[in-house]
Amino acid sequence: MAECVRLDSSTSSHTMDKSITLPPDEIFRNLENAKRFAIDIGGSLTKLAYYSTVQHKVAKVRSFDHATKVNRELRLYEISVQEEVTARLHFIKFENAYIETCLDFIKDHLVNTDTKVIKATGGGAHKFKELIERKLGLKVDKEDEMTCLIKGCNFVLRNIPHEAFVYAKHADSEFRFQTTQPDIFPYLLVNIGSGVSIVKVESEDKFERIGGSSIGGGTFWGLGALLTKTKRFDELLQLASKGQHTSVDMLVKDIYGGSYGSLGLTGDLIASSFGKSATADKEFSKEDMAKSLLHMISNDIGQLACLYAKLHNLSRVYFGGFFIRGHPVTMHTITYSINFFTKGEVQALFLRHEGYLGAIGAFLKGAEEDNPNQYSWGENYAGSSGLMSVSPDMNPMQRARSGTFDMLEMDRLERQLVNLPLLQDPSSYIPDTMDLTEDALAREYWLYCFEEALDGVVKRAVASQPDMPEAAQRAEKFRQKYRHKLQTLRQQPFAYGSLTVRSLLDTREHCLNEFNFPDPYSKIKQKENDMALKYYQKAVKSLEELSWEQRQFALVRVELMAFISCEHPERPWLVDSYDQWFERLKGPPHKCALFFVDNSGVDIILGVMPFVRELLSRGTEVVLASNSGPALNDVTNGELQILTERIAAMDPVIQAGLREDRLMLVQSGSSSPCLDLSRLDKVLAMVVRERQTDLVIIEGMGRAIHTNYYAMLSCESLKMAVIKNSWLADRLGGKLFSVVFKYEVPAGKPSQHSAALSPL
Amino acid sequence: MSLSSTSSHTMDKSITLPPDEIFRNLENAKRFAIDIGGSLTKLAYYSTVQHKVAKVRSFDHATKVNRDDKLYEISVQEEVTARLHFIKFENAYIETCLDFIKDHLVNTDTKVIKATGGGAHKFKELIERKLGLKVDKEDEMTCLIKGCNFVLRNIPHEAFVYAKHADSEFRFQTTQPDIFPYLLVNIGSGVSIVKVESEDKFERIGGSSIGGGTFWGLGALLTKTKRFDELLQLASKGQHTSVDMLVKDIYGGSYGSLGLTGDLIASSFGKSATADKEFSKEDMAKSLLHMISNDIGQLACLYAKLHNLSRVYFGGFFIRGHPVTMHTITYSINFFTKGEVQALFLRHEGYLGAIGAFLKGAEEDNPNQYSWGENYAGSSGLMSVSPDMNPMQRARSGTFDMLEMDRLERQLVNLPLLQDPSSYIPDTMDLTEDALAREYWLYCFEEALDGVVKRAVASQPDMPEAAQRAEKFRQKYRHKLQTLRQQPL
């Protein structure tokens, strides 16, 4: 791997190694089916984009045909592994020095393609035009640089959660990721290349370069080279990070002896950049001059950005360009400047995939006939390198690596994802309860947990494919990849946006899929479902025998008990609003309940279904939302359809619900053990709106604790879970197997129902 | 006087003009103020001047027979008027000047001298020792704004726009009835951008560390040239295109879809990042000058837009009398506002701090209640300081420069019947813009001078020294006419 080859100090050796240090087939993945190429050639880096299709194994469930066959094994459904083709976007970034080698490799592996054209953008595109056309036999078609940049920016902002972040050098976590905004427009993009372009983006197709400056990255580089005789941009930044600007700059206190209070200028403020070098007859150190130059340029750009933002009334300002790209030094100075000039009103935002914007945009231009914007796309954590902290002193190893190859892969999601319409404030919604990037202790713990659990996951993966002899080998590859991701995350917690339990779980699912373990739990789920189904009628019957009051409590108890095998904890629970819920149940029925379900087996069949039954009996419509794809032992939409049919056959209440369309199954759009209410299937959102849903029920640790614990909804909500992790229980102030039963009525909407109940 | 301003930099500490022609009316001086900048000192004082005035008096027809058949009688009387003196000289002369003042200061009960400017604290001890006055520091920005308000209100044609290639470099603005609000961009070592809303209300709304000090400091590092004036001179000879990366250097031509012309600077010093060659001092200085002027221009425009201000005045040592920087700043403002905002400069910009400090000290006299007029006889006038044009005058402007203002006895205002006071121009013909007309009228006035001298002598038949004074008048006025021929502004 690259790290091993280039262990020698990244700062002293600048001769470029023209051989590719990563096996090229690990970089240019899925080239066989590649089509639609786009390339963005900058001053030093080339970014290549292509579209390809990937064959996946997916686990499918199919009901046995009960009408014609006797189910001999007493199994509910059969599981089959099928091949499915999904679309994937590949983006690869490498140094211009490798371009010829890369083109050769692509040429050799490009089969089955009827591609005739490669879209090209970036300042270097014309220089390599001839080479590309000769090597690949494709016609180079130039696209407008700014248009590509903006298109790419819109795409990542829309499709990649945690794309944007603020940078805080001295905070617990350097990177603070922003939640995706439902509406990304309007925003200001400040692109700091050789010069600066300030672009206002108002919609997908409407942008305007409202300003710019000739004082940009080229000025830092050019003046820096003249002043310090250092010709490399990175080295200049490194010099700057070691310098003291105060020996070169004239500060307010150098003129006035202290602050200039009546004008609100502090003594340490730079009054005049390089002001001291005008008259002082001494030599200045390279470091100090570089630092002063860096401050001068960053402050200037910061001030211009703020003024344009104010003038056009924009609050979101993204910074990009090679001056910024992955350089903590410049991100810090720009952030500082923006804070200074706007007194915190505007935040400087940076983008994780900023370097790819041009390539993504050029690709999208070429793919317009496929209308890629009509789909939702998701970052594939297994195939993407992640953001590298490139502080030169922090980790020279990774720096070297990021300097060679960097990848981003995005999968086309089968369903379009949107916000849950019932979110109280979509723009402030954060799915994750705990941000592990900001909490070092929690991070340590969870990374350890996932590493500990890895052996078990590998075993289960192998066991899920008993007929496949090479499964053990694939499982080992999975282990290596996921362990490496965990190690990366230990050093770079921000590699894929905020590190959360959800992202750790999702990354594991992506890696399992990568090595064709689409559903390691399928057999276990099947067995548990079969088993639980046998007890359904008995369970319903015993509930029926209880009084109404007793039954309401029993339903909650049973629902919660499904998660644990030990004795049920006594009330009051850790979080206990059962009494309010009970009072509410005495009131009029809800119009429609949206129920996000969790596990297969006992949970869904003996916990959720009786609860659903009770709701239906009260006259409440129920929408059951389950995962589109497999994740752990969570029940999938495919499985739930079969289960519901079988239960309906035994239970007239469920049957009537289905028949009268008062019980409906929808998919969540997710294949995660967690729940992101801002990325849900479009159909689900439509149903929720149509049915005037007024109750949302979320159950299980992954959905109600790790995520959504603090989610604020605009209707009543019920979050139920048992905390099965002692560390987490401790964090929340409880013990292992503490119960969380959180019933919430949105503020400002005191339930009209309970009001209706009162005697007057 | 040094004839070549560029080759000789040794400073002559002796005063080259007779000091009594500079520090006029010192006998009656009171209320001193001093503004000490990085290189120049500006001294202000108030004095009274004895004038002869001609008075007419009607004969008393009731009691006397008017024997000579004359309507009224004429008498010459002494009258005392107030005058403000402002003198600017290099810091190097400060000690000599203080000595001279001390020696000539009589009849004064002044105890205090108002001081402002970054250098004030450095010379505090010297001033107190030499003059025996207590130095009283005044806020620099307050003084600057006060001075600016004062000149804008009292000196017609104070503000001008600079147009390098026009018939006349300087196009003066008519005085506006209401001078507020305006933006003052003071380019000293750094840049202060101040919004002035009324006599007493101003706010520093912005600023930048990229200012005159940056041009000087970076320029010194890049070119090993330590003098600000020399750097400007280098810049005026350089080609910025060899150092700057232009739009066409990146895109081969213009970037039409973004509206960027090919000649636009994409990246200041962008070519020096990768090119492995030596750049000339001139080219680097020029590139630096463009970089800084454009940046300040853009910031000024943005603040003007943001605060909805259309009048933007530029001052500070970066600007002060330097056509090179006035030109680049003007160009930048035109570029960024597409002509909507004009860069305005001030004839007496260098005196603002001193005027303001003086006014602070004179607040009990309420000088703002009077109207003041520039005394052309006692003021040096604006110098065109293009270094190549007239090195002689440049050298002089480097030594002493004066402004005198007389208090007018009556407060002057607009005729209320003017249709549009802000566009009213009293003069029918502007000789600065019309070279032929200028030639003619200057010739006329010179031709007429002999006649005027004769008439002046004849008007005072009882005074034997009248002829001598008339000769002095002839010399002074002829010198003014000669100056105006070379410097119509």
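Letters A, B, ... mirror the listed sequences (proteins, then strands); counts begin at 1. Below, each value reflects all heavy atoms present in this structure, side chains not excepted, and no hydrogens, waters or symmetry copies.
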- Query: So what's closer than 4.5 Å to chain B heavy atoms on A/Phe220: side chain, backbone, both or neither?
  - Reply: neither
- Query: Looking at A/Gly264, A/Ser272, A/Ser194, A/Gly195, which has the largest count of heavy-atom pairs under 4.5 Å with chain B?
  - Reply: A/Ser272
- Message: Between B/Leu288, B/Thr274, B/Ile210, who has the most heavy-atom pairs with chain A when the cutoff is under 4.5 Å?
- Response: B/Ile210
- Item | B/Phe314 vs B/Ile333 side-chain heavy atoms within contact, under 4.5 Å | yes
- For the student: nearest non-hydrogen atoms of B/Ile187 and B/Gly212, plus distance: CG2-N, 3.8 Å
- Task: Please tell me if the side chains of A/Leu226 and A/Trp221 come closer than 4.5 Å, counting only heavy atoms from C-beta onward.
- Result: no
- Using a distance-only test with no angle check, is there a side-chain donor-acceptor pair under 3.5 angstrom linking B/Ser268 and A/Ser214? yes
- Could you look at A/Met250 and say if it's the side chain, the backbone, both or neither that has a heavy atom under 4.5 Å from chain B? side chain
- Distance-only polar pair, side chains of B/Tyr303 and B/Gln298, donor-acceptor under 3.5 Å: no
- Item | Region of A/Leu269 in contact with chain B, defined by heavy-atom distances below 4.5 Å | neither
- Under 4.5 Å heavy-atom distance to chain A, tell me which part of B/Tyr255 shows up: side chain, backbone, both or neither. side chain
- Message: Shorter than 4.5 Å, heavy atoms on both sides: which option in B/Gly252, B/Gly211, B/Gly207 has the most such pairs with chain A?
- Response: B/Gly207
- Task: Please look at B/Ala120 and chain A and tell me whether the side chain, the backbone, both or neither of the residue comes under 4.5 angstrom of a heavy atom of that chain.
- Result: neither
- Would you say the side-chain atoms of B/Asp283 and B/Ser242 include a donor-acceptor pair closer than 3.5 Å? yes
- Residue selection (most heavy-atom pairs with chain B, distance under 4.5 Å) from A/Gly275, A/Gly211, A/Ser292, A/Ala271: A/Ala271
- Query: So which of B/Leu260, B/Val194, B/Val243, B/Val191 has the biggest tally of heavy-atom pairs under 4.5 Å with chain A?
  - Reply: B/Leu260
- Is it the side chain or the backbone of A/Glu208 that comes within 4.5 Å of chain B heavy atoms, both, or neither? neither
- Measure B/Met291 against the heavy atoms of chain A and call it side chain, backbone, both or neither at under 4.5 Å. both
- Would you confirm whether the ring centroid of A/Phe274 sits within less than 6.0 angstrom of the ring centroid of A/His295? no
- Check whether any side-chain heavy atom of B/Gln239 sits under 4.5 Å from a side-chain heavy atom of B/Lys286, and report yes or no. no
- Parallel, tilted or perpendicular: which describes the rings of B/Tyr331 and B/Phe335, with under 30° parallel and over 60° perpendicular? parallel
- Assert top hit (heavy-atom pairs under 4.5 Å, partner chain B, pool A/Asp300, A/Ile255, A/Leu223) equals A/Leu223
- Query: Pick from A/Asp144, A/Asn299, A/Ile270: which one has the most heavy-atom pairs with chain B under 4.5 Å?
  - Reply: A/Asp144
- Let me know if A/Phe233 has heavy atoms under 4.5 Å from chain B in its side chain, its backbone, both or neither. neither
- Query: Tell me, side chain or backbone of B/Leu231 under 4.5 Å from chain A's heavy atoms, or both, or neither?
  - Reply: neither
- Item | Side chain, backbone, both or neither of A/Ser262 within contact of chain B (heavy atoms, under 4.5 Å) | side chain
- Please walk me through it: do A/Lys276 and A/Asp249 pass salt bridge (charged side-chain N to carboxylate O under 4.0 Å, His left out)? CA-CA 6 Å; A/Lys276 280 184 185 151; A/Asp249 288 345; over 6 Å; no
- Message: Under a plain distance cut-off of 3.5 Å, with no hydrogens placed, do A/Ser298 and A/Thr333 share a side-chain donor-acceptor pair?
- Response: yes
